[in-house]
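Because only heavy atoms are used, hydrogens play no part in the values below, and waters and symmetry mates are left out as well, while side chains stay in. Keep in mind that what you see is a predicted model, and the values were worked out from it rather than measured.
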Amino acid sequence: MKVFRLDDLDAERAFEQGAYLRFLRERNFSMGLYALEPGEIDTQKPHGQDEAYVVISGRATLTVGDESTAVARGSVVYVPANVPHHFHRITEPLRVLVFFSPPEG
């Protein structure tokens, strides 16, 4: 068993001064914590893996391909591999759990 605490993960991510912290990599999937503040630009590029986002706090708009949706705490969004996507219109500090399958990098 591996156990993680979101507050600890967010503190580690902030200490490393990055928007993304991968905290788990297993044979079939990986997980990370992604954080963006209001006014920040999401510069991510399409990924070679399917991914799912689970918003744990904050508010933003997520565009996937040519579709956009408002996301907030409790939103779960699937993004197919190789599809352009990004968060924008971030109005509250955004914290998102990210699941990749197969695992990233």
Side-chain angles (χ1 to χ4, degrees):
M1 174 174 23
K2 296 178 182 178
V3 177
F4 304 94
R5 307 264 186 282
L6 291 174
D7 289 343
D8 295 341
L9 294 172
D10 201 30
E12 181 179 349
R13 181 206 52 78
F15 178 78
E16 293 182 10
Q17 299 180 349
Y20 183 72
L21 172 71
R22 182 177 66 199
F23 61 88
L24 180 67
R25 187 178 194 290
E26 296 295 330
R27 185 171 53 96
N28 294 314
F29 77 101
S30 61
M31 292 179 67
L33 176 65
Y34 193 43
L36 293 167
E37 299 298 323
E40 277 191 88
I41 304 297
D42 181 1
T43 60
Q44 66 179 313
K45 306 286 188 236
H47 310 287
Q49 307 87 353
D50 288 342
E51 68 183 300
Y53 289 120
V54 178
V55 178
I56 56 176
S57 65
R59 292 184 180 280
T61 299
L62 175 61
T63 297
V64 177
D66 60 0
E67 296 181 273
S68 295
T69 189
V71 295
R73 183 179 181 270
S75 297
V76 178
V77 181
Y78 165 72
V79 179
N82 302 310
V83 174
H85 58 284
H86 68 281
F87 292 96
H88 53 103
R89 296 187 189 122
I90 302 163
T91 59
E92 297 176 11
L94 188 65
R95 300 297 182 269
V96 181
L97 286 176
V98 185
F99 300 78
F100 285 102
S101 181
E104 61 170 332

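In this structure, CG on Leu36 lies 11.0 Å from NE2 on His86, to the nearest 0.5 angstrom. Leu6 CG to Arg95 CZ: the interatomic distance, rounded to the nearest 0.5 Å, is 11.0 Å.
Note on Val64: it clusters hydrophobically with Tyr34, by side-chain heavy-atom contacts below 4.5 Å among ILVMFWY residues. No continuous path of ILVMFWY side-chain contacts below 4.5 Å connects Met31 to Tyr20, so the two sit in separate hydrophobic clusters. One hydrophobic cluster holds both Leu9 and Ile56 under the rule that ILVMFWY side chains link at heavy-atom gaps under 4.5 Å. Under a hydrophobic-cluster definition in which Ile, Leu, Val, Met, Phe, Trp and Tyr are linked whenever side-chain heavy atoms come within less than 4.5 Å, directly or via other members, Val76 and Leu24 are assigned to the same cluster. Follow the hydrophobic side-chain contacts under 4.5 Å out from Val54 and you never reach Phe100; the two are in separate clusters.
Side-chain atoms of Asp50 come within 3.5 Å of backbone N or O of Ala81 as a donor-acceptor pair. The main-chain N or O of Glu104 is found under 3.5 Å from a side-chain atom of Arg25 such that the two form a donor-acceptor pair.
A side chain to side chain contact (heavy atoms under 4.5 Å, CB included) with Glu12 is found for exactly one of Asp7, Leu21, Leu33, namely Leu21. Considering Ile41, Thr63, Val71 in turn, Val71 is the only one that fulfils the side chain to side chain contact (heavy atoms under 4.5 Å, CB included) rule with Phe87.
Closest non-hydrogen pair, Gln49 versus Ser101, comes out as CB-O, 3.7 Å. Nearest heavy-atom pair across Arg13 and Gly18 is NH1-O, 2.9 Å. The heavy-atom pair separating Met1 from Val3 by the smallest distance is SD-CG2, 3.7 Å. Of all heavy-atom pairs spanning Ile90 and Glu40, the tightest one is CD1-O, 3.9 Å. Pro46 and Pro84 make their closest contact through CG-CA, 3.7 Å (heavy atoms, listed as atom of the first residue, atom of the second, distance). Taking both residues in full, the closest heavy atoms of Ser30 and Arg22 are given as CB-CD, 4.2 Å, listed atom of the first, atom of the second, then distance.
In this structure, Phe15 places its CZ atom where only 12 or fewer heavy-atom neighbours from other residues, nucleotides or ligands lie under 6.0 Å away.
Side-chain contact between Asp42 and Leu62 is absent, with no heavy-atom pair separated by less than 4.5 Å.
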